[in-house]
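Below, chain A is the first sequence line, B the second, and so on; all start at residue 1. Source: prediction; values computed, not measured.
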Amino acid sequence: MDGDLLGSLNAAQQQAVQTLDGPVLVLAGPGSGKTRVLTHRIAFLIGPAGIDPYNILAVTFTNKAAREMQARLDNLLGAGKAAALTVGTFHSICARFLRRDIVHLGRERDFAIYDADDQQRLMKRVLKDENLDEKKHPPRAIHAAISRAKNEFVDPEEYGRLGRTYYDEVVTRCYKRYQQLLRESNALDFDDLLVETVRLFEQHPQVLEKYQDRYLYMLADEYQDTNRVQYLLLKLLARKRRNLFVVGDEDQSVYAFRGADIRNIRYFEDDYPDARVVLLEQNYRSTQSILDVAQAVIQGGEKRKHAKRIWTENERGTLVQIQEGYDQEDEAQQVAAEIARLIASSEYRPGEIAIMYRTNAQSRSIEEALMARSLPYQLVGGTRFYERKEIKDALAYLRLAYNPNDTISFSRVLNWPGRGIGDRSEDELNRWAASLSVPNYVALQLLADEPNTQTPFTARMRKALLDFLTLIDELIAQRHQGDLGELMDFLFGRVGFQEALLREYGEEEGGERWANIEELRNASVSYVNLPRENQLPIFLEEVALVSDIDQMKENRDTITCITLHQAKGLEYPVVFLVGLEEGLLPHSRSLDEKDALEEERRLFYVGATRAKQRLYLFYAFRRATFGRTNLAQPSRFLADIPKAMVKPPARRATAPSQQTSMFGGRSSFGSSGVGGRVGSLPGRNGPTRPGASTFGASRSSTPAPATPRAAVFFAGQKVSHATFGDGVVVSSKLVENDEEVTVAFAGKGVKRLLASFANLQKVE
DNA sequence: GTACGTTCATTTTTT
DNA sequence: ATGAACGTAC
């Protein structure tokens, strides 16, 4: 890390870092070192300015970014110097505030945090309670409306006042019931974490003042992605001292769907007319070629208020490459082939390469292609660890041990593993508890304490329910008696977790799921040093608030497969953007809204500017969605890239009689037909000769009909040689009944060998 | 109350 | 294509 604090910064960065008091708005382009500016500013405050880190609050976009910032500060200042700094996402910071002060709102500290899945379940319960048809009122849609309202800081009453239509009325009713159930369960959903914090500050000025007096300096990253509630939070906290330092980039705003509002940048300038505005326009990350392409795409859109002039002193570098695949498998295949080539030539390591896509569903074909070549990769996103059913079930028990009134967790494990409590019993319990207006757990306690009360349960139902109550109470007792790990051991043994999984899923899958549970058990060891009472709550909170990107393993040397959204803030020497087609990027759901379309464009921009040295843009000629294949049109954003900015297309080894060149027959992207190229179907035109050209390595399983023999080796294949040892095939071509293989040997350099002669052994 | 079969929706993007 | 959700049969 940098030796001195300021020497390594340019003039604009220094200006931002050294501003001591007052509001600062930093408008920073991609790769302009804004993370460094934030970190160095904190270091500047703690060091030269002599501010106690206890008095600084930094909001990052992900928990991963928070951890990295702490690590950098340790490097700059010395380990532990910045330990008292408050740094994290809005959500984790608010959760912390609320644990401390939610009692001012007349609520309990031990609240549960509901994630997307919990929210969904709760929503279904609401629709049931309100006698609404799920078909007619999709829980997702209603919940989305509620979430939007919360992000705008609109409560159910106001929502009702604003509403005009029947649908508004339905949402209002659901919103009210939803909040009521949350309250009964002593739970907050993600949005509530922020909303309730603002409410706390507004209703209890003395609490707000406590925080205002503590946080003398505040910093926020990715400011363009803040929503109204987050904006209010910053505004309230900064009102007294006005030392608010925000960093953002309008061109990278890609979270409007969850309420992010670019206008917050303008509001900042309105709220603080004296704000110092710093522009960071120099890019240190990408080559000129990559920046040219990114700029061409972003400038093809609407006019922006703070149009920055991004520039770089970096070299021109390799030209950006646009490439068509026949379908998603071929696209993935070509990507994998090119990656294999880059790795084989020792130019790049797997960890320096990323593949980015619009939707998680696209990862599948990519994964398969990488797997087929034994290329190491990691998938960010998809089904997350903490969203697996068995994990959620285990967590539900743990949550009940902390907060037995948590309705969603309660109903989740009430009859898992099966203990004779069916839908009938559950419905009766729900209704009975509702009639007493108490949570289910409390209702069960009443049932146990007063055996003579009139209840709707048969003797058998009663026994099953009371057994469940005993189980919960044992868990609660155990939580006070031992460490988190011991609680888990007790839980798994008591409910027969492993047996239940094996019974339900069989030997193989059940075994895998149990292995996941063991992994969860392992995670508990990192909490053993905390005071016993804090282990469970802190564990549950972290589990609820970690994101996928936080889980990313940085030290592993693997190719990263990631959505464009999650890729924000990251950088890689080599980036592949795949699926650049109409309907995918821009996504079909954003086609009829101008703002949404512009957001898609920015997403493209974000993806392209992740690349440091090499950028590949891929699209497919046809693509399967929902099991149906359709012809695809190249993304309209590709049409904004002048031809001179991209590398002339690589000629495929399987060149059909007609052209395969992607520009052929078309004046530009986006328009004109795609006809005449069905002939480029790989595998139909004879054998593929792996490695014969950059993108020719499409290995088709279709047998080669008319060639003497097929190639045995392909780019990326690991081989071993008697003299040279282990190596990786760079390329291979067929020469007069033999195969000429170019191999990169570890430590021995690149050799050209004849397969018949060299006795190369395939490894794996 | 489970076990199997059929249907249906699912794909934006996430703290 | 795949999995969740619902239905009918034991």
_Mind checking if A/Leu591 touches a base, just sugar-phosphate, or nothing, with heavy atoms under 4.0 Å?_
nothing

_Please report the distance, rounded to the nearest Å, between CG in A/Leu194 and C1' in B/dT15._
8 Å

*Length of the CD-P vector between A/Gln566 and B/dT13, whole Å*: 10 Å

*Can you find a side chain N or O atom of A/Gln362 that sits less than 4.0 Å from OP1 or OP2 on B/dT11?*
no

*What is the distance from CZ of A/Arg258 to C1' of B/dT13, rounded to the nearest Å?*
9 Å

*With the side chain counted from C-beta on, respond yes when A/Lys150 and A/Gln179 share a heavy-atom pair under 4.5 Å apart, and no when they do not.*
yes

*Tell me which nucleotide among B/dT15, B/dT11, B/dT14 gets nearest to the side chain of A/Thr563.*
B/dT14

*Let me see the working for A/Tyr114 and A/Asp406 under side chain to side chain donor-acceptor pair (under 3.5 Å), right down to the final yes or no.*
CA-CA 9 Å; A/Tyr114 279 1; A/Asp406 175 345; 2.5 Å; yes

*Measure the distance from CD on A/Glu222 to C1' on B/dT15 and round it to the nearest whole Å.*
13 Å

*Contact class for A/Arg628 vs. all strands (heavy atom < 4.0 Å): base, sugar-phosphate, or nothing?*
nothing

*Could you tell me whether the side-chain ring of A/Phe257 sits stacked on the base of B/dT13, using a centroid cut-off under 5.5 Å and a plane angle under 30°?*
yes

*asked:* Both A/Gln230 and A/Thr625 contact DNA chain B. Which one's nearest nucleotide lies toward the 5' end?
replied: A/Thr625

*Span that lies between the C1' atom of B/dT11 and that of C/dC6, in whole angstrom*: 23 Å

*Apply salt bridge (Lys or Arg N to Asp or Glu O under 4.0 Å) to A/Arg513 and A/Glu504, showing your working.*
CA-CA 11 Å; A/Arg513 289 181 188 258; A/Glu504 194 167 332; over 6 Å; no

*Aromatic contact, A/His565 with A/Phe257 (centres under 6.0 Å)*: yes

*Find the distance A/Leu584:CG to B/dT13:P and express it as a whole number of Å.*
10 Å

*How does each nucleotide of nucleotides 1-10 of chain C score, in 5' to 3' order, for protein heavy atoms under 4.0 Å: base (B), sugar-phosphate only (S), or none (-)?*
BS--S-----

*How long is the line joining CG of A/Leu570 and C1' of B/dT14, in whole Å?*
14 Å

_Nearest-Å distance for atom pair OH/P, residues A/Tyr255 and B/dT15_ = 6 Å

*Report the C-alpha distance between A/Arg623 and A/Glu331 in whole Å, list the side-chain angles of each, state the deciding distance to 0.1 Å, and finish with yes or no for salt bridge (Lys or Arg N to Asp or Glu O under 4.0 Å).*
CA-CA 10 Å; A/Arg623 181 169 298 269; A/Glu331 174 189 60; 3.0 Å; yes

*asked:* Measure CG/A/Leu603 against P/B/dT13 and give the value in whole Å, please.
replied: 11 Å

*Does the side chain of A/Tyr267 pick up a donor-acceptor pair with the side chain of A/Asp261 at under 3.5 Å?*
no

*With a 4.5 Å limit on heavy-atom distance, are the side chains of A/Lys392 and A/Asp117 in contact?*
yes

*A/Gly422 vs A/Glu600, nearer the 5' end of DNA chain B by closest nucleotide*: A/Gly422

*For B/dT13, take OP1 and OP2 only and decide whether either is under 4.0 Å from a side-chain N or O of A/Asn360.*
yes

*Please determine if a side-chain N or O atom of A/Arg419 lies less than 4.0 Å away from the OP1 or OP2 oxygen of B/dT2.*
no

*For A/Lys34, what residues pass the side chain to side chain donor-acceptor pair (under 3.5 Å) criterion, not counting sequence neighbours?*
A/Glu222

